Amino acid sequence: MATHVKALTSPYPGSKVERRPVPQEKVSWSVEWPEYQPVEYTAPSVLAQPPWADPPQSNEDFCPKYNALDGQVERTSFEGTYEVIDGWPRNPMGRTGIIGRGLLGRWGPNHAADPIITRWKRSTAGEKVQYSETGKPVLQFVSIQRKDCGQWAIPGGMVDPGELVTATLRREFCEEALNSLESSGEEPDTEQRIQSLFSQEHLPVYRGYVDDPRNTDNAWMETQAVNYHDETGHILDRLALQAGDDAGKVQWVDVSGSCSLYANHAQFLQIVAEKRGAHW
């Protein structure tokens, strides 16, 4: 997948901070660039040291074990061993024009999970809808509109320390697309349907670095994207979508090459469409 397109955009999300411009030919650390002077920025929300964030590097008691499982915090990277220069972890995909952590809580890799929940688009008669030009059936996926930037996205989120990624996938879908934190008076079989969806065979889609606008030279996003597909639609048709705290809206969206989504999400959907034999 392409690296460092969205991770080079300015201003940095949620701020007026402009990145040091980095031309594509100088993104790689293997290219000598002695004049490189990135801007330093860590968001106030991270500096407040919430439970999900590391302390500052200047904290004498902070001795992270990079490229390893550090207590319950996973500091290994899907991309292999990353460099640590003078105690600072280095983004394995290259320069971003900014140092510090930005909006990210962890120095080094910040691990997320993205559940791609799909069904076939069907006509009122219950038949699969086929795209006229390709003759391939059309997939639909559950998409949320992020409150922080207004872009549509897969309803994913961060893996908590010590949490299994399978638990993160289920939790994030329920919180962001079903608003499980607030819902009451649910259908009696809602929990059973969710259990059925997440216990069936799933399709691993992607595991690795994410070209995310929040990335910096010292902190970056990595994810595991997994597809859970309801072949008949009997499970998902009965689940009422409701946006959670981080989502402005939630809805079913047709999967196609015209999807404009947050970070690498459109590329994840292309992989799903190809593996499911769906239109793209």
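Computation of the quantities below employed the complete heavy-atom set of this structure, encompassing side-chain atoms and omitting hydrogens, waters and symmetry-equivalent molecules. Quantities reported herein were computed from a predicted structural model and do not represent experimental measurements.
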task: Please write out which residues are connected to Val39 in a hydrophobic cluster, directly or through intermediates, given that two of Ile, Leu, Val, Met, Phe, Trp, Tyr count as joined at side-chain heavy-atom separations below 4.5 angstrom.
output: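 Noted: Val39 shares its cluster with Tyr12, Val17, Tyr41, Ile98, Leu103.
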query: How does the hydrophobic cluster around Trp52 look, that is, which other residues are in it when side-chain heavy atoms under 4.5 Å mark a link?
result: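 When side chains under 4.5 Å apart are linked, the cluster holding Trp52 also contains Val46.
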message: By the side-chain hydrogen bond (donor to acceptor under 3.5 Å, both in side chains) test, which pairs, at least two apart or in different chains, include something from residues 79-89?
response: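 Passing the test, one end in residues 79-89: Glu83-Arg90.
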task: Output every pair passing side-chain hydrogen bond (donor to acceptor under 3.5 Å, both in side chains) with a member in residues 147-157, not counting sequence neighbours, ordered by first then second residue.
output: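 Of all non-adjacent pairs touching residues 147-157, those that pass side-chain hydrogen bond (donor to acceptor under 3.5 Å, both in side chains) are Arg146-Asp148.
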- request: Check salt bridge (charged side-chain N to carboxylate O under 4.0 Å, His left out) between Arg276 and all other residues, then give those that pass, not counting sequence neighbours.
  value: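 Residues passing salt bridge (charged side-chain N to carboxylate O under 4.0 Å, His left out) with Arg276: none at all.
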- request: Quick one: list whatever passes salt bridge (charged side-chain N to carboxylate O under 4.0 Å, His left out) with Arg214, sequence neighbours left out.
  value: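 Once residues adjacent in sequence are excluded, the partners of Arg214 under the salt bridge (charged side-chain N to carboxylate O under 4.0 Å, His left out) criterion are Asp212.
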Interatomic distance, [X] atom [atom1] to [Y] atom [atom2] [nearest 0.5 angstrom]:
X: Glu274; Y: Lys136; atom1: CD; atom2: NZ; answer: 8.0 Å
X: Lys249; Y: Leu241; atom1: NZ; atom2: CG; answer: 14.0 Å
X: Ile194; Y: Arg170; atom1: CD1; atom2: CZ; answer: 6.0 Å
X: Ile144; Y: Glu176; atom1: CD1; atom2: CD; answer: 5.0 Å
X: Arg20; Y: Asp217; atom1: CZ; atom2: CG; answer: 11.5 Å
X: Glu40; Y: Thr216; atom1: CD; atom2: OG1; answer: 10.0 Å

Between [X] and [Y] (side chain of the first, backbone of the second, donor and acceptor by atom type, cut-off under 3.5 Å), is there such a pair?
X: Arg101; Y: Asp54; value: yes
X: Glu222; Y: Phe78; value: yes
X: Asn215; Y: Met221; value: yes
X: Ser199; Y: Gln195; value: yes
X: Asp211; Y: Lys6; value: yes
X: Asn110; Y: Gly108; value: yes
X: His265; Y: Ile154; value: yes
X: Asn218; Y: Pro89; value: yes
X: Asp114; Y: Ala225; value: no

query: Can a donor-acceptor pair be found between the side chains of Gln251 and Ser143 at a distance below 3.5 Å?
result: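 There is no such pair between these side chains.
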- request: Please determine, by modelled atom types, if Tyr209 and Asn91 share a side-chain donor-acceptor pair under 3.5 angstrom.
  value: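 Per modelled atom types, Tyr209 and Asn91 side chains form a pair under 3.5 Å.
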message: Salt bridge check, Arg171 against Glu163: does any charged N sit closer than 4.0 Å to a carboxylate O?
response: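 Arg171 and Glu163: salt-bridged.
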query: Pick one: which of Arg119, Arg193, Lys121, Arg122 meets salt bridge (Lys or Arg N to Asp or Glu O under 4.0 Å) with Asp237?
result: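 Of the listed residues Arg119, Arg193, Lys121, Arg122, the salt bridge (Lys or Arg N to Asp or Glu O under 4.0 Å) partner of Asp237 is Arg119.
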Taking C-beta and beyond as the side chain, do [X] and [Y] meet within less than 4.5 Å on heavy atoms?
X: Arg95; Y: His4; value: no
X: Tyr36; Y: Val22; value: yes
X: Val272; Y: Val255; value: no

message: Run the side chain to side chain donor-acceptor pair (under 3.5 Å) test on Thr118 and Asn227 for me, step by step, so that the C-alpha distance in whole Å, both residues' side-chain angles and the decisive distance to 0.1 Å come before the verdict.
response: CA-CA 7 Å; Thr118 58; Asn227 176 220; 3.0 Å; yes
field: Test ring pair (Phe, Tyr, Trp, His ring centres under 6.0 Å) applied to Phe141 and His229, step by step
entry: CA-CA 9 Å; Phe141 79 106; His229 178 65; over 10 Å; no
query: Once the angle between the rings of Phe198 and Tyr228 is folded into 0 to 90°, is it parallel (under 30°), tilted (30 to 60°) or perpendicular (over 60°)?
result: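 Plane angle between 30° and 60°, so tilted.
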message: With a 6.0 Å cut-off (strictly less than), is the heavy-atom count around CD of Gln37, excluding the residue itself, greater than 12?
response: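 At most 12 heavy atoms, drawn from other residues, nucleotides or ligands, come within 6.0 Å of this atom.
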message: Minimum heavy-atom separation for Ser45 and Pro50, please, with both atom names.
response: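 Heavy atoms only, the tightest pair is O-CD, 3.2 Å.
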